[in-house]
Amino acid sequence: MTATDHAVELVHTAARAAADKLATDLLAYDVSDQLAITDAFLLASGSNDRQVKAIVDEVEDKLREIGAKPIRREGERDGRWVLIDYGEIVVHVQHEEERQFYALERLWRDCPTIELPADVATGGR
């Protein structure tokens with residue numbers, strides 16, 4: 001099983017929104033074979049708490065514009081690691097320090113990546 005076309009569209013929209021707020025290290029994984037609860041993860045980093053919150057707000061705004069509404073949002077108060085669950089995709093926006101510490105890339109490295117649009121800067125990972 002692979003991520004649906006709709007899930008990939010959501011990932012691309014979220015990645016563009018995150019990049020617009022200067023998120024770094026953007027990566028997307030197709031986790032549909034590993035998890036029954038979602039098709040894809042998008043990982044993005046921000047250099048400080050304010051930037052993490054700005055990235056989250058932009059992602060939510062852009063996904064809302066295409067009709068996607070989050071099921072839940074966690075971690076917003078601290079601004080260190082915010083998870084936004086859209087059902088088909090889950091967006092993880094992490095402070096750079098949390099990104100390095102938790103290294104979600106290592107956990108999901110066996111999953112296929114989802115190619116991000118060419119206009120999205122993926123940063124240094």
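When the side chain to side chain contact (heavy atoms under 4.5 Å, CB included) test is applied to Phe101, no partner is found at least two apart in sequence or on another chain. When the side chain to side chain contact (heavy atoms under 4.5 Å, CB included) test is applied to Glu76, the partners found at least two apart in sequence or on another chain are Arg73. When the side chain to side chain contact (heavy atoms under 4.5 Å, CB included) test is applied to Thr4, the partners found at least two apart in sequence or on another chain are His6, Ala7, Asp39, Glu88. In this structure, the side chain to side chain contact (heavy atoms under 4.5 Å, CB included) partners of Arg50, at least two apart in sequence or on a different chain, are Asn48.
Asp30 contributes no side-chain N or O that, together with a main-chain N or O of Pro112, makes up a donor-acceptor pair within less than 3.5 Å.
Scanning all heavy atoms of the two residues, the minimum distance from Ile55 to Ser45 falls at CD1-O, 3.8 Å. Shortest non-hydrogen contact noted between Arg109 and Tyr29 is CA-CE2, 4.4 Å. Here the closest heavy-atom approach between residue Cys111 and residue Val31 is recorded as SG-CG1, 4.1 Å.
Within the 4.5 Å cutoff, the side chain of Thr24 has heavy atoms near those of the Glu96 side chain. Counting heavy atoms from C-beta on, the side chains of Val52 and Val82 come closer than 4.5 Å.
Ring orientation note: the planes of Trp81 and His92 are tilted relative to one another, at an angle of 30° to 60°.
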With a 3.5 Å cut-off and sequence neighbours excluded, list the donor-acceptor pairs that the side chains of residues 8-18 form with protein atoms.
unit_1 : atom_1 : unit_2 : atom_2 : d
His12  : NE2    : Glu115 : O      : 2.8
Thr13  : OG1    : Glu9   : O      : 3.0
Arg16  : NE     : Asp119 : OD1    : 3.2
Arg16  : NE     : Asp119 : OD2    : 3.0

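Sorted by first and then second residue, the pairs that involve residues 62-71 and meet side-chain hydrogen bond (donor to acceptor under 3.5 Å, both in side chains), not counting sequence neighbours, are Asp61-Arg64.
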